[in-house]
Amino acid sequence: MPWTACVLTLFPEMFPGMLGHSLVGRGLEEGRWTLDTIQIRDFAQDKHNTVDDTPCGGGAGMVMRPDVVTGGLDEAAKRYPLAKKVFLTPRGRPLTQEKVHELAEAPGVILLCGRYEGIDQRVLDEHDDIEEISIGDYVLSGGESAATVLLDACVRLLPGVIGKEASHEDESFEAGLLEYPHYTRPRVWRGREVPEVLLSGHHEKILSWRKTQAQRITQERRPDLWERYCKEIKGSA
Ligand code: ADE
């Protein structure tokens, strides 16, 4: 069984979008993962196909109705009973590489994309198996681009999608560090040289240089990751 993604959205035409291209798109064509969309509007209860209403208590914007959203969620769960349910929202827990691994190792995901101000809280209270996830501390106009980011991150980890030659071990976040810098030919470009050690053929020295660079970059750019890394190193010593 391939890994399954099911996106609940008011804009199913946004998919596969970027996910239909490059390695992730090839993975889709090759059947390494599947992508299904559910139009939330199909579960509207009135003749105008209304999906949203004004917020109780007043305020700006509109809120997606619980009866409509739940109709879509129930259909998705019927199609993909083992998939993990995720609601994409800036109020969610931050998406991390660890969470990406967890979702990629599950049978699949059901991704609920909100529009407007969000969805009625009772949907989330009713379905306590929905995890709220944010892709960063900024507000997007809807969950679809966040769902695309999450799917890209998961799918590239699936067996055969990136190809045999690639290893994920050295990538940013995998060892708790940002990745070291890369170089290719020419050896000198605009007066800038490829670091000598990378041309030395000395495997151990190269590994050591890369580790030092990864540590330096992480320390400079991500004090939060650096602190955690140092604690883990101490803990395992
Ligand atoms: N929807 C709107 N903004 C979002 C964000 N930052 N992460 C996930 N979903 C969102």
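One-based numbering, in listed order, for ligands and for the atoms of each.
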Which residue pairs pass the ring-ring contact (aromatic ring centres under 6.0 Å, His included) test with at least one member in residues 176-212, sequence neighbours excluded? Tyr180-His182
Within the side chain of Trp33, is there an N or O that forms a donor-acceptor pair under 3.5 Å with the backbone of Val24? yes
Taking the side chain as every heavy atom from C-beta outward, state whether Arg187 and Glu193 have any atom pair closer than 4.5 Å. yes
Would you mind reporting whether Pro181 and Ile217 have side-chain heavy atoms less than 4.5 Å apart? yes
N/O pairs closer than 3.5 Å, ligand 1 and protein:
unit_1: ligand 1; atom_1: 3 (N); unit_2: Leu140; atom_2: N; d: 3.0
unit_1: ligand 1; atom_1: 6 (N); unit_2: Gly136; atom_2: O; d: 3.2
unit_1: ligand 1; atom_1: 6 (N); unit_2: Tyr138; atom_2: O; d: 2.8
unit_1: ligand 1; atom_1: 7 (N); unit_2: Ile135; atom_2: N; d: 3.0
unit_1: ligand 1; atom_1: 9 (N); unit_2: Thr89; atom_2: N; d: 3.2

Between Ser236 (side chain only) and Ile233 (backbone N and O only), is there a donor and an acceptor less than 3.5 Å apart? yes
Test: Arg210 and Glu179 ion pair at under 4.0 Å: no
